[in-house]
Amino acid sequence: MDRVVVVGGSVAAVNAVDGLRHAGFEGEVTLVSAEEVLPYDRPPLSKEALREGHEHHTLLLKEPGWYDEQGVRLSLGTRAVGLDAVNRRVALEDGRELGYDGLVIATGSRTRDLPPLAGVPGVFEVRTLSDSLALHAELVPGRHLVVIGAGFIGLEVAATARKMGLDVSVVEIAHLPLTRVLGTEIGRWFLDHHTDQGVRVHVGAGVERVEVTTGGTKLHLTDGMVLSADLIVAGVGVVPDTGWLESSGLELSDGVVCDETLRTSAPGVVAAGDIARWPNGLFGETMRVEQWLNAVEQGTHAARTLMGETNAFAPVPYFWSDQFDAKVKFVGHVNGDDSVHVTQPSDSSLVALFGRGDRLRGALCINSPRQLALSKRDILNGVPFADAAAALG
């Protein structure tokens, strides 16, 4: 293997490059990114970077000189538009083609489209640094921000804007925030937490149509309510960015389908990050995880797989979220149908354990960092859900 192409400007992509060099790969490495800037950290975009208006240099995953030191050829501002997996060539939008012996697919995800918002002025996403900076400039105290979607990104943006002095409303089509993943009881906690901070949360309603007038933008909701907005953030989730792979012959199914080592259906091709769907043997199911630490670990693992290692990738997923004074941390992999055991050690903390069958599957810890480490250990050790719940009290 003499040439490796890494497609994506993501944390998974950068860690794949790092993993290749640490594994002893001395050949040619090319990093292709659709963005014109060096890869940067994305979790702060909806939190501290949004609040402070952080510039690119403060968020870099690696300093500019690192790419030269590692012998990485950069192709920035150029989107990959196709893959010929038989002849091992990546097509770029500028007409070039890059040949490879090994390929890492790490193009992450893109935001979902919400048809009623198409073409409406004053609508923002928070997916890229330019998105975050543009929204930061508009977060003026006293203005009314409407956030569409009460997922983690939407709630983080709502909390950030509210702390900056904006009037904030959140519109969520489900009957409670986060209920699809975390269930009703936890969804109620997040609803109350934001309501207590002055955020108006409209649940059980979607956007039916948008009316743009000289006096501002009016959102007509499916429950008949009308909200007047100075600016709107669409936070209705993401989908894996697989459009450029549609004719590649790779197996795709809500992401790029991989085996337990992160190899795809094509020789010499691995995937990592939001785009990868793989069987996690620790949980006994196939999953796709949109989390920062998962992308870090998968990038490194995918690189080692390219180098010939055959170890399965079977981690305990982990993510965090900051919302007002709540430090939210989660380990595991759950859905809204899992059994839940909740305890509140104090007025400002909460721990929820999730089980399926007789096994502990996950833990949500709010302002309870010690319990997070204990729950991760229990998941790795296969502790029964009933035993973990009894120990928690």
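Residue numbers run from 1 in the order of the sequence given.
Here the side chain of H56 pairs a donor or acceptor atom with the backbone of L38 at under 3.5 angstrom. Formation of a donor-acceptor pair under 3.5 Å by the D101 side chain with backbone atoms of R3 is found in this model. For the pair H194 (side chain) and V170 (backbone), a donor-acceptor distance under 3.5 Å is absent. Judged by distance alone, the side chain of E93 and the main-chain N or O of V81 form no donor-acceptor pair under 3.5 Å. Using a distance-only test at 3.5 Å, with no hydrogens or angles considered, no donor-acceptor pair links the side chain of R143 to the main chain of L231. The closest donor-acceptor contact from the side chain of S248 to the backbone of L83 lies at 3.5 Å or more, if one exists at all. At distances below 3.5 Å, not a single donor-acceptor pair connects side-chain atoms of D41 with backbone N or O atoms of L61. Counting only distance, with no hydrogens or angles, the side chain of T107 and the backbone of D241 share a donor-acceptor pair below 3.5 Å. Between the side chain of R288 and the backbone N or O of D274 there is at least one donor-acceptor pair closer than 3.5 Å. The main-chain N or O of G308 is never found under 3.5 Å from a side-chain atom of R304 such that the two would form a donor-acceptor pair.
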Would you please test L139 and F124 for side-chain contact (heavy atoms from CB on, under 4.5 Å) and show each step?
CA-CA 11 Å; L139 294 180; F124 296 84; over 6 Å; no
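Nearest heavy-atom pair across P267 and R88 is CB-NH2, 3.3 Å. Summarising the geometry of A302 relative to L262, their closest heavy-atom pair is N-CD1, 3.9 Å, with the distance given to 0.1 Å. When all heavy atoms of T179 and T184 are compared, the pair lying nearest together is OG1-N, 3.7 Å. Of all non-hydrogen atoms in V257 and L252, the two that sit nearest each other are CG2-C, 4.1 Å. When all heavy atoms are compared, the tightest approach of V7 to A80 is CG1-CB, 3.7 Å. Closest heavy-atom contact between V11 and A295: CG1-CB, 3.4 Å.
Side-chain atoms of E35 and S33 form no donor-acceptor pair, as typed in the model, at a separation below 3.5 Å. Judged by distance alone, the side chains of S375 and D378 never bring a donor and an acceptor atom under 3.5 Å apart. Looking only at atom types and distance, the side chain of S109 has a donor-acceptor partner in the side chain of R127 under 3.5 Å away. Side-chain atoms of E211 and H220 form a donor-acceptor pair, as typed in the model, at a separation below 3.5 Å. The closest side-chain donor-acceptor pair between S265 and E251, if any, does not fall under 3.5 angstrom.
Between E285 and R356, at least one side-chain nitrogen of the basic residue sits less than 4.0 Å from a carboxylate oxygen of the acidic one, meeting the salt-bridge criterion. Under the 4.0 Å criterion applied to side-chain N and carboxylate O atoms, D322 and K327 are assigned as salt-bridge partners.
Here the side chains of V37 and L60 are not in contact, with every heavy-atom distance at 4.5 Å or above. Residues V171 and L219 have side chains not in contact (no heavy-atom distance under 4.5 Å, counting atoms from C-beta outward). Put simply, the side chain of L182 reaches to within 4.5 Å of the side chain of F190, judged on heavy atoms. Two residues are said to be in side-chain contact when any heavy atoms from C-beta on lie closer than 4.5 Å; T286 and R277 meet this criterion. Annotation: side chain of S46 is not in contact with side chain of F152 (no heavy-atom distance under 4.5 Å).
Under a cutoff of 6.0 Å and an axis angle of 45°, R21 and F25 do not form a cation-pi pair.
Counting non-hydrogen atoms of neighbouring residues, nucleotides and ligands closer than 6.0 angstrom, the NZ atom of K47 exceeds 12 such neighbours. No more than 12 heavy atoms of other residues, nucleotides or ligands lie within 6.0 Å of CZ in R73, so this atom counts as exposed by the packing criterion.
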